Amino acid sequence: MTKTILLIEDEPGICMAVKDELEFEGFHVRVETDGLAGLASVLQNPPSLVLLDLMLPGKNGFEICREIRRRGIATPVIVLTARSQEADKIRGLELGADDYITKPFSLGEVVARIRAVLRRCQPEHANDVVQRGAITVDFRKHQVFKGNKLVELTEKEFLILALLMKRSSEVVTRDDFLKTIWGEEVYVTHRTIDIHISALRRKIEDNPEHPMLILSVRNVGYKFNAS
Ligand code: CA
């Protein structure tokens, strides 16, 4: 299957050279030159791999990388950095990038790194689909199924469920939810989380009054019942 590489980079020269080289090597290539458009492209249709410049108009590479991971999208990311500072590389990796390439780079190096990261992220995106009991989350397609029935969730409900399932059987505190899902939106209170959990239960529980999937842990938070 042809792998799709999404290049998010605002320097036309680099875009053209990398695109040509990757297409020559048999990849399908999408290019975005703005951070916001780049992020939207990842979210709407996750590629096989993202080549991500750090300094971008709209939204910088760090923010994009964090947002991709926050939404549970497992697509590998290689950061392209013009800076040689070690701190940037480390920060990129901490935010969930899989590798980095320092500019200026050779096209051969880009191809080699892409192939290495794709190989490392085999077998076929093991984390893209998580199943616990009757519930299946497809992180690539951003879909949730109960049995084989598609469940329509809001974005926040999806993120809450994804976090609970990833930490299956561990308690997720209300502060964990706030930090991971709402981030800087400080006006959100614990009560907001409880409201979202109730809505989520109405959509996925057989009997929302007696939840069997999302369990309350008194005074602490919630946990997903994987058994
Ligand atoms: Ca740039």
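Side chains are part of it too, since the values below use all heavy atoms of this structure and drop only hydrogens, waters and symmetry mates. What you are looking at is a predicted structure, and each value in this text was computed from that prediction instead of being measured. Counting convention: from 1, in listed order, for ligands and their atoms alike.
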*How long is the span from the CG atom in L80 to the CG atom in L7, to the nearest 0.5 Å?*
6.5 Å
_So, at under 3.0 Å, which protein N, O or S atoms would a careful student list around the Ca ion (ligand 1)?_
D10 OD1, D53 OD2, M55 O
*Quick check: are there more than 12 heavy atoms from other residues, nucleotides or ligands sitting under 6.0 Å from CG of N148?*
no
*Between E11 and K103, is there a salt bridge with N-O shorter than 4.0 Å?*
yes
*Presence of salt bridge, R119 and D98, under 4.0 angstrom*: no
*How long is the span from the CD atom in E157 to the NE2 atom in H196, to the nearest 0.5 Å?*
6.5 Å
*Return the minimal non-hydrogen interatomic distance between F158 and D138, and the atom names on each side.*
CZ-O, 4.4 Å
